[in-house]
Amino acid sequence: MRLKKDFYMDNPRVVAKKLLGKELVRKVNGQLIVSRIVETEAYGGIEDKGSHAYGNKRTKRTEPMFHIGGTIYVYLIYGMYHLLNVVTGPVGDPNGVLIRAVEPVYGIDFIKGNRSIKSNKVYDLTNGPGKLTQGLAIDMDFNQKDLVSGDDLYIRESSKAIKGNEIVQSPRVNIDYAKEYKDKPWRYFIAENSYVSKQ
DNA sequence: CCTGCGATCGTCT
DNA sequence: GACGATCGCAGGA
């Protein structure tokens, strides 16, 4: 069953943790591509120096973070990769959860078709935030749309629940500029899952 | 296994 | 004009 708006109305750390194990569903020409979320990072509040919206910075790019929970925030990084974020919480409070890695469930051929890499290791298909968006064909077209009512990208419950003791926390990746916020343990991933971007 | 490096462009300063 | 919530490849160990 698809997650409803209430799911996204909590603070980003809570949502980031709850998203582990959920299924990210992409619909293309009637075909469903399903993958399981295995790694997330929370960015939130105007005090988080790791967040794009630090200091209540509201610009064209960060605008979606100020929208209601369930909104999709996509941005371009390094001029070539799109990263997918889920906005959480109430309007005006900028929070987001970065989806860093997923494990393919159905439609792996679609993902392979979108990824041109020499590696023949399956985990290289979606073990990183830029890789999964390329594999699932997620780009700026999704920015500011939402996961609650949209048809071509949403998140649903999985039949396979995650146990609390399978969840590991660590500092977030590549945010050295975030000063004292750089070491906050706001990255969450499923222990011993081969699709996690790095241990 | 690990390290180093170039690619590439929208956004903000 | 600088840079980034990254990636893929090459080359060495």
NA contact type, [X], heavy-atom cut-off 4.0 Å: base, sugar-phosphate, or nothing?
X      : answer
A/N85  : base
A/R172 : nothing
A/R115 : sugar-phosphate
A/G50  : base
A/L98  : base
A/G130 : sugar-phosphate

Quick one: which of [options] gives a side-chain contact (heavy atoms from CB on, under 4.5 Å) with [X]?
X      : options                      : value
A/R156 : A/V34, A/L3, A/L24           : A/V34
A/I190 : A/I167, A/T40, A/V38, A/V168 : A/V38
A/E41  : A/I99, A/V97, A/L98, A/I175  : A/L98

Output the rounded distance in Å from [atom1] ([X]) to [atom2] ([N]).
X      : N      : atom1 : atom2 : value
A/K57  : C/dC3  : NZ    : P     : 14 Å
A/L76  : B/dC12 : CG    : C1'   : 14 Å
A/M65  : C/dA5  : CE    : C1'   : 10 Å
A/K198 : B/dC1  : NZ    : C1'   : 15 Å
A/M80  : B/dT8  : CE    : C1'   : 4 Å
A/Y43  : C/dG4  : OH    : P     : 13 Å
A/N120 : C/dG8  : CG    : P     : 14 Å
A/Y177 : C/dA2  : OH    : C1'   : 15 Å

Taking the side chain from A/R26 and the backbone from A/S35, do they hold a donor-acceptor pair closer than 3.5 Å?
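Side chain of A/R26 to backbone of A/S35, a donor-acceptor pair under 3.5 Å: no, none is there.
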Backbone N or O of A/G135 within a donor-acceptor pair of the A/N114 side chain at under 3.5 Å?
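Yes.
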Closest listed nucleotide, where the reference is the side chain of A/K118 and the choices are C/dC9, B/dT11, C/dA5:
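Closest nucleotide to the A/K118 side chain: C/dC9.
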With the side chain of A/I117 defined as its heavy atoms from C-beta on, choose the nearest nucleotide among C/dC9, B/dC9, B/dT11.
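Within the option list, the nearest is C/dC9.
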Partner nucleotide of B/dG4 by Watson-Crick or wobble geometry (both distances under 3.5 Å)
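Pair assignment: B/dG4 / C/dC9.
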Counting only Watson-Crick or G-U wobble pairs whose two distances fall under 3.5 Å, which nucleotide matches C/dC3?
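Matched C/dC3 with B/dG10 under the 3.5 Å cut-off.
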Looking at A/Y43, I'd like to know if the NZ or CZ of A/R172 sits under 6.0 Å from its six-membered ring centre while staying within 45 degrees of the ring's axis.
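Checked: cation-pi criterion met.
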Rounding to the closest angstrom, what is the interatomic distance between B/dG10 and C/dG8 at atom C1'?
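Going atom to atom, C1' in each nucleotide, I get 22 Å.
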Using the closest heavy atom to pick a nucleotide of DNA chain B for each, name whichever of A/M140 or A/Y81 lands nearer the 5' end.
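The 5'-side residue here is A/Y81.
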Does A/N174 have a side-chain nitrogen or oxygen under 4.0 Å from the phosphate oxygens OP1 or OP2 of C/dT6?
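True: A/N174 side-chain N/O within range (under 4.0 Å) of C/dT6 OP1/OP2.
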Under 3.5 Å donor-acceptor pair, A/Y78 side-chain atoms to B/dA7 base atoms
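Answer no: no donor N or O sits under 3.5 Å from an acceptor.
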